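Beneath this line is the structure, given in structure tokens, with notes to follow.
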Amino acid sequence: MPILVVDDNREVLTALRLLLKDQDDAVHTATDPAALPALVERTTYDVALLDMNFTQGASDGAEGFQWLERLRTLSPETVVIMMTAYGDVDKAVAAMKAGAADFIVKPWSNERLVQSVQAAIRVRKTRQQQPALLPEPAAEPFAIIGESPAMQAVFATLDKVAATDANVLVLGEHGTGKELIARRLHARSHRADGPFVSVDLGAVTASLFESELFGHTKGAFTGADHDRQGPFEAASGGTLFLDEIGNIPLELQNKLLTVLERRAVTRVGSLDARPVEVRLVCATNRPIYDLAGGVYRREIIRQ
């Protein structure tokens, strides 16, 4: 079944049609969300990528949320991924709570977007094959399916760890499902009713690191026209997933360490520390033990 992309920018539609042509039989596109009812009546889509703003000058995402609700009513089996050029943590959390499976910020990372679509396709196909065995999408939107002894051992470990409040580091190559592991940990924990916030640290520039992670106050810098909470605050009471943790430059690691030690963040432009209560799940594909040095690696293994 084809993929549907709805965005008012024809260049975006062309780019995504080319990027996703190998992921499914066809990629259907539309510039006007009003075409959604007719499109889903004719075709059942595995995945729909839906923009959040269609009216010129709009940036609040209200249109996207309205059409997300409409699409979930018209075609509940379709897995929806939201897209916007005006991304922030608040919108991402709201989109996930409204039923979106993922949230992509433009300009996107091709690898990240393709991985998100591939995961959504797997979820859609698994729902078709074993609908009675799957959890509710809102509780665990990207379930991990596996029957091998190795995967059963992974599941057993995950369920044991999920019951605790321990912070977790997930290691693995690109495409091995590190975020799926993080989502399962969250869904099986006592924090499942709280937010799950995902941050791709590989996409955060050094100049915006503090603002993107810790938030900022109005007027803190040019373009900061309103107060904004960062992922740590947004995830308070739930789980914060920091992907590509191994990519943080050395000069920025102290800033993150301070927040982890104090369990409080200070928004850029403010002097007030705000307490946060999150469970931290991090992931990296880098060989951190080798980078840390052989002596440290032996000590970790011995412990």
Side-chain angles (χ1 to χ4, degrees), residues 52-53 57-62 65 82 84-98 103-107 109 164-169 179 182 185-186 189-284 286 288 292:
M52 296 192 70
N53 298 289
S59 61
D60 61 3
F65 286 115
M82 303 299 287
T84 181
Y86 303 94
D88 60 40
V89 174
D90 293 341
K91 285 192 183 72
V93 171
M96 303 292 275
K97 288 183 176 179
F103 185 88
I104 300 293
V105 178
K106 307 172 189 174
S109 157
T164 74
D165 240 350
N167 296 325
V168 177
L169 175 64
E179 184 167 348
L185 281 168
H186 174 72
S189 73
H190 66 86
R191 298 172 176 268
D193 291 334
F196 177 92
V197 179
S198 176
V199 181
D200 180 4
L201 293 177
V204 177
T205 62
S207 60
L208 295 177
F209 181 83
E210 289 182 87
S211 173
E212 289 296 315
L213 259 68
F214 311 142
H216 60 250
T217 60
K218 181 178 179 180
F221 50 83
T222 302
D225 53 5
H226 63 279
D227 288 350
R228 175 183 176 276
Q229 67 175 355
F232 276 89
E233 287 184 74
S236 197
T239 303
L240 176 61
F241 176 57
L242 298 181
D243 198 9
E244 304 297 350
I245 190 77
N247 290 354
I248 300 180
L250 286 173
E251 63 271 17
L252 299 178
Q253 291 181 19
N254 271 344
K255 299 180 185 297
L256 180 58
L257 179 60
T258 298
V259 170
L260 297 181
E261 289 178 337
R262 297 178 179 176
R263 293 288 174 174
V265 296
T266 302
R267 294 182 181 181
V268 175
S270 172
L271 297 176
D272 298 325
R274 299 167 180 260
V276 292
E277 197 280 304
V278 300
R279 182 186 196 171
L280 201 62
V281 180
C282 302
T284 182
R286 303 195 70 189
I288 58 171

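If you're wondering where the values come from, they're calculated on a predicted model, not measured in any experiment.
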Search all heavy atoms of [X] against all heavy atoms of [Y] and return the closest pair with its distance.
{"X": "R228", "Y": "S211", "value": "NH1-O, 3.0 Å"}
{"X": "E179", "Y": "S198", "value": "OE2-OG, 3.6 Å"}
{"X": "A234", "Y": "P195", "value": "O-CG, 3.2 Å"}

Nearest 0.5 Å please: distance from the [atom1] atom of [X] over to the [atom2] atom of [Y].
{"X": "M82", "Y": "I104", "atom1": "CE", "atom2": "CD1", "answer": "11.5 Å"}
{"X": "L280", "Y": "L169", "atom1": "CG", "atom2": "CG", "answer": "9.5 Å"}
{"X": "I245", "Y": "R286", "atom1": "CD1", "atom2": "CZ", "answer": "12.0 Å"}
{"X": "I248", "Y": "L242", "atom1": "CD1", "atom2": "CG", "answer": "7.0 Å"}

Looking at side-chain heavy atoms only, is the closest gap between [X] and [Y] below 4.5 Å?
{"X": "D165", "Y": "H190", "result": "yes"}
{"X": "T84", "Y": "N53", "result": "yes"}
{"X": "V278", "Y": "T239", "result": "no"}
{"X": "E261", "Y": "L256", "result": "no"}
{"X": "E244", "Y": "D200", "result": "yes"}
{"X": "F214", "Y": "V259", "result": "yes"}

Intermediate values then yes/no, side chain to side chain contact (heavy atoms under 4.5 Å, CB included), R279 and V168: CA-CA 8 Å; R279 182 186 196 171; V168 177; 3.9 Å; yes
From CA spacing to verdict: salt bridge (charged side-chain N to carboxylate O under 4.0 Å, His left out), R263, E277: CA-CA 7 Å; R263 293 288 174 174; E277 197 280 304; over 6 Å; no
Salt bridge (Lys or Arg N to Asp or Glu O under 4.0 Å) partners of residues 229-242, not counting sequence neighbours, each pair once: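 Listed by first then second residue: E233-R267, E233-R274.
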Say whether, by atom type as modelled, one donor and one acceptor occur between the side chain of [X] and the main chain of [Y] under 3.5 angstrom.
{"X": "D243", "Y": "V199", "result": "no"}
{"X": "H186", "Y": "L240", "result": "no"}
{"X": "S270", "Y": "T266", "result": "no"}

L271 atom CG, neighbour heavy-atom count above 12 within 6.0 Å: no
Partners meeting side-chain contact (heavy atoms from CB on, under 4.5 Å) with A182 (sequence neighbours left out): F196, F241, V281
Side chain to side chain contact (heavy atoms under 4.5 Å, CB included) between F232 and L260, worked out: CA-CA 10 Å; F232 276 89; L260 297 181; 4.1 Å; yes
